[in-house]
Amino acid sequence: MPESNPPQSSDFIREIIKQDLIEGKNNGKVMTRFPPEPNGYLHIGHAKSICLNFGIARDYNGLCNLRFDDTNPEKEDVEYVDSIMEDVKWLGFDWENRLYFASDYFEQLYQYAVELIKLGKAYVCDLTPDEIRDTRGTLTEPGKESPYRSRTLEENLNLFQRMRQGEFPDGSKSLRAKINMSSPNLNMRDPVLYRIRRVEHHRTGNKWCIYPMYDYAHPLSDAIEGITHSICTLEFENHRPLYDWFLNTLKTNSCPRQIEFARLNLTYTVLSKRRLIELVQSNFVDGWDDPRMPTLAGLRRRGYTPLAIRNFCAAIGVAKSDSIVEIENLEHYLREDLNNKALRVMAVLKPLKVILDNYPEDKTEELDAENNPEDFSAGTRKIPFSRVLYIEQEDFREAPPKGFFRLSPGKEVRLKHAYYIKCEKVIKDEKTGEIRELRCTYDPNSRGGWTQDGRKVMGTLHWVSVPHAGEAEVRLYDRLFLKPDPNDVTEGQDYKTNLNPNSVKILTGCKIEPGLMDAKPGTPYQFLRQGYFCLDYRCSTPEKLVFNQTINLKDTWGKIEKFQKNGRKDQK
RNA sequence: UGAGGCGUAGCCAAGCGGUAAGGCAGCGGCCUUUGGAGCCGCCAUUCCCAGGUUCGAAUCCUGGCGCCUCAGCCA
């Protein structure tokens, strides 16, 4: 089984790194980092970044750190740091002993700020946030210099120290870099470095009442860790001059290089933290690990595999153009991996009873069934067969449409691993007209699903023996959003109006082959002819099994039938 | 009317002056004890547009056009 089917082609970042290596930069070392802020759960977009950063380290004999960018205690929480560590590990990456927190550098960062003041490159500003905004200027007009810009070194040093000691109320003062208020790059117009916030930090507690800003903390954290290539997303491109400014004016020993790439966007999916957190907190979904969520926790619970996600990330590539990847790509790599690994089993989701009139009343046979045709080492198992069976309601049609080669009156089909059966009679409820059961006959000479006479039997059905069947609840999922772009809404509405009201369908009373009663969480199963499923590790109990649909099998018949109803095939 | 980016097929994406990789999707066929999987074939005479340089341009130059990001004491 190949570890990775899509060839890992190079990308512009790897090209840069190769070139740096050729030029002997950084003493031939490559050091990256994955720097999440612990203010939410990781999602598939983060997976792209994780695969990139850890993948580069792996490819160029380097190392990748896990560093929490925890400089804003107002939004952060240990719940998130725990989930992030779990998700990175699950995806298959290892930061070994290099687990870092920006908050571990608060003292060093403070000293760097003192240094900046001494260099005359930072000052304490008494302007309020509103005043700072009002004096920042606009995209086309320069800003105005703060009246506090020319405070003496001594005054700045004294004030900054007193900021730290808690002598000033929240928001009353800030430390600002002294750069250029008329820079065309707004990030360079004396950005705030430190703000006063009396908020308990999830790691440093109440030790600090001033907290550094991202723009300031990030380049210095990178330098402290000896990062060589600091990879981030496109929206930070405008921040790079500031990133470099800190490193250059503080003359740090190591000089990381920031490189930006386009973040992942997926059709039918929302990936902004703000929106994901809203879905969770407003109960549009059932928590961060709801199987419909694009979070790694959600995908894991849904039955996605780490390899599928990694292969997907490798396949979509890394570039600088904004892009929206069609979700079919992700689904393709999911099916590919699951096809290789999933144990084949039979489960009837919407049961229809079939009675084999010519099969002995009290007989039970044990039939052989392969566990995975893609992998002989998965072996075989025995499945019981008897006179009364369940088949799928959808596999019988009293009036079969053209091209339907499943069961219908007078027609013969194969029961997978078992026998040919022929439908002789349809028994209906006298009042409702609903189909109650089918009376069929079986061909004793077709055991195993084959005869010598060369008879052609097109349809193959899955089934479960009634007296041996187990029961389960099965949850089917559809896309969370109805439109490829969930943000495509009419004036005044928001993405939530595009939520799919039918994104989950709960089926109870599903019939499963007896062996499945021992299903293990984390094991992928293929319910034959239907799709891939896994035990829901949150809701399933030994008394009441609950399976999540991971992804359906490609359904060409469903597609054909849809086209037959809707008209021509080539119309969308 | 500021600055920084980006524009190659329906969607991603290689390509780095020598004549348009690959994946997804789609289409056609083969095969099939899963209408799954697999296999075979098709799918850009042209790279946002217009000029220019060159024997030769998606690649270099000039000028347009379009899209994205930035005016948090968020990251």
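Everything numeric in this text was worked out from a predicted model, so none of it was measured. Within every chain, numbering begins at 1; the chains are lettered A, B, ... in the order of the sequence lines, protein sequences first and strands thereafter.
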Distance, C1' atom - from U34(B) to A21(B), rounded to whole angstrom
34 Å
Could you check Thr460(A) against Ser323(A) and say which one's nearest nucleotide on RNA chain B is further toward the 5' end?
Ser323(A)
Could you check Trp557(A) against Ala262(A) and say which one's nearest nucleotide on RNA chain B is further toward the 5' end?
Ala262(A)
What heavy-atom pair brings Pro373(A) and Arg344(A) nearest, and what distance separates the two atoms?
CD-NE, 3.7 Å
Taking N and O atoms by type only, does the side chain of Arg529(A) place a donor or acceptor under 3.5 Å from a partner on the base of G35(B)?
no
How far, in whole Å, is U54(B) from C60(B) if one measures between their C1' atoms?
9 Å
Does NZ or CZ of Arg67(A) come closer than 6.0 Å to the centre of the six-membered ring of Tyr100(A), within 45° of the ring's axis?
no
Is the Lys NZ or Arg CZ of Arg406(A) less than 6.0 Å from the centre of Phe396(A)'s six-membered ring, within 45° of the axis?
no
Nucleotide G35(B), atom C1' - distance to CZ of Arg397(A) in whole Å:
13 Å
Measure the distance from CD on Glu513(A) to C1' on U34(B) and round it to the nearest whole Å.
13 Å
Partner lookup for G72(B), please. Criteria are Watson-Crick or G-U wobble with both distances under 3.5 angstrom; report none if nothing qualifies.
none
Tell me, for nucleotides 70-75 of chain B in 5' to 3' order, what letter each nucleotide earns: B for a base near a protein heavy atom under 4.0 Å, S for only sugar-phosphate near one, - for neither?
BBSBSB
Apply side chain to side chain donor-acceptor pair (under 3.5 Å) to Tyr419(A) and list each qualifying residue two or more places apart in sequence or on a separate chain.
Glu365(A), Arg447(A)
Once side chain to side chain contact (heavy atoms under 4.5 Å, CB included) is applied, do any residues pair with Leu266(A), and if so which ones, sequence neighbours excluded?
Ile44(A), Leu264(A), Thr269(A), Phe312(A), Val325(A), Ile327(A), Leu330(A)
Test of understanding: with ring-ring contact (aromatic ring centres under 6.0 Å, His included), list the residues that count as partners of His202(A), not counting sequence neighbours.
none
For C55(B), which nucleotide is its Watson-Crick or G-U wobble mate, given both distances must be under 3.5 Å?
G18(B)
If you look at every strand shown and take non-hydrogen atoms under 4.0 Å, does Arg406(A) touch a base, only sugar-phosphate, or nothing?
base
Which residues pass the side chain to side chain donor-acceptor pair (under 3.5 Å) test with Glu370(A), not counting sequence neighbours?
none
Can you tell me the pairing partner of C30(B) across any strand shown, Watson-Crick or G-U wobble, with both distances under 3.5 angstrom?
G38(B)
Report each atom pair, protein N/O against N/O of nucleotides 65-68 of chain B, whose distance is under 3.5 angstrom.
unit_1	atom_1	unit_2	atom_2	d
C68(B)	O2'	Asp322(A)	OD2	3.1

For Tyr532(A), check ring-ring contact (aromatic ring centres under 6.0 Å, His included) against everything at least two apart and list the hits.
none
Results of ring-ring contact (aromatic ring centres under 6.0 Å, His included) for Tyr123(A) - residues two or more places apart only:
none
Let's see if you can work this out: which of G36(B), C24(B), G35(B) has an atom nearest to the side-chain heavy atoms of Phe404(A)?
G35(B)
Could you identify the nucleotide paired to A13(B), looking across every strand shown and requiring Watson-Crick or G-U wobble geometry with both distances under 3.5 Å?
none
Euclidean distance for C1', A50(B) against C65(B) (whole angstrom)
10 Å
Figure out the CG/C1' separation between Asp375(A) and A37(B), and round it to whole Å.
13 Å
Mate of G66(B) where both pairing distances stay under 3.5 Å, Watson-Crick or G-U:
C6(B)
With sequence neighbours left out, the residues meeting ring-ring contact (aromatic ring centres under 6.0 Å, His included) with Tyr194(A) are Phe160(A), Tyr216(A)
If you compare every side-chain N and O of His462(A) against the phosphate oxygens of U34(B) (OP1, OP2), does one of them come in below 4.0 Å?
no
What nucleotide, of G5(B), G23(B), A37(B), holds the atom closest to the side chain of Lys320(A)?
G5(B)
Of the candidate nucleotides G35(B), U34(B), C12(B), which contains the atom at the shortest distance from the side chain of Phe405(A)?
G35(B)
Calculate the interatomic distance between Arg335(A) atom CZ and C24(B) atom P; express it in whole Å.
12 Å
If the glycosidic angle sits within 90 degrees of zero it is syn, else anti. Tell me which applies to G56(B).
anti
Quick one: does Glu326(A) reach the base of G10(B) with a side-chain donor-acceptor pair under 3.5 Å?
yes
is_close_aromatic(Tyr243(A), His239(A)), centroid dist under 6.0 Å
no
Donor-acceptor pair present, Gln526(A) side chain and U34(B) base, under 3.5 Å:
yes
